[in-house]
Amino acid sequence: MVPRAFVVLIAMLSLLGVISAGCIGGRTTLLEEGFEGDLNGWQIGSDLPTDPETGLPVDASAELTIERSRSGDRSLVMRIDGLQDDGTIWIQTSRDVNKTGTVNFRLSFYVYSEQESFNVIGKVVAYIGLAPPIGEEGFSVLGNADPAEGWNEFVLGSDLHLDNGDSAWIAIGITVAWETFLEYEIDDIVLTI
Ligand SMILES: [Ca+2]
């Protein structure tokens with residue numbers, strides 16, 4: 001005989017499933033990016049310390065790669081020389097929203113970690129706002145970039161107060177947390193309202 005509590009639990013989960021499916025169905029997708037095309041529409045931003053050896057900002061890059069992908073054949077790889085124990089690199093883009101009032105945004109994406117690391121060497125950061133991010137201070141820290149080996153999902157939710165004609169800006173990046181060279185792939189970005 002199946003315990004009554006178990007039956008109630010299943011019934012509740014079923015109900016929650018219906019409700020959450022309704023919420024998902026009610027959201028509008030503003031952006032889906034799997035990096036199978038080009039990087040047109042994206043801008044690369046950075047907030048980097050100076051390398052005392054060269055007097056120049058530390059090396060950092062963001063480019064398409066076929067080395068690894070979560071979907072399709074390609075992803076975006078971000079690299080940053082963290083030997084100065086500081087620095088952030090990101091990609092950013094904007095979307096027209098055509099709404100007035102408070103709008104809830106949900107930004108999700110996947111970051112590849114070579115190996116789980118409890119010693120935090122890099123952090124995943126993201127941004128949702130009415131203007132492009134200016135520096136790393138404007139980003140929300142979503143957590144350790146290496147919580148587990150493989151593709152890890154990160155999510156940022158935010159409410160923006162829009163006037164008609166406002167665009168929403170999003171950005172996704174990696175910030176240095178340890179004096180080492182960082183490299184992470186990013187794939188399957190989804191932005192919904
Ligand atoms: Ca892809």
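One-based numbering, in listed order, for ligands and for the atoms of each. As the structure is a prediction and not an experimental result, all values here were calculated from the model.
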* Atom name, Glu36 (N, O or S, nearest to the Ca ion (ligand 1)) ->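 Nearest N/O/S atom: OE2.
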
* Pair Arg70 + Glu185: basic N to acidic O under 4.0 Å ->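 No, this pair does not count.
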
* All pairs passing side-chain hydrogen bond (donor to acceptor under 3.5 Å, both in side chains) where residues 50-60 contributes a residue, at least two apart ->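 Non-adjacent pairs meeting side-chain hydrogen bond (donor to acceptor under 3.5 Å, both in side chains): zero.
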
* Within 45° cone of Phe35 ring axis and under 6.0 Å: Arg74 NZ or CZ ->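 Negative - Arg74 is either too far from the ring of Phe35 or too far off its axis.
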
* Please collect all ring pair (Phe, Tyr, Trp, His ring centres under 6.0 Å) contacts where either partner lies in residues 135-159, sequence neighbours excluded, each pair once. =>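 Matches after skipping sequence neighbours: Trp90-Phe139, Tyr112-Trp151, Tyr127-Phe139.
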
* Asked: Taking the Ca ion (ligand 1) as the vertex, what is the angle from O of Arg74 to OD1 of Asp187, given to 10 degrees?
  ->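 For O of Arg74 and OD1 of Asp187, the angle centred on the Ca ion (ligand 1) reads 100°.
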
* Asked: How about Phe35: does one of its N, O or S atoms come closer than 3.0 Å to the Ca ion (ligand 1)?
  ->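 Here the distance criterion (N, O or S atom, under 3.0 Å) is not met by Phe35, so no.
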
* Asked: Counting backbone and side-chain atoms alike, does Ser75 have an N/O/S atom under 3.0 Å from the Ca ion (ligand 1)?
  ->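 Given the 3.0 Å cut-off, Ser75 does not count as a ligand of the Ca ion (ligand 1).
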
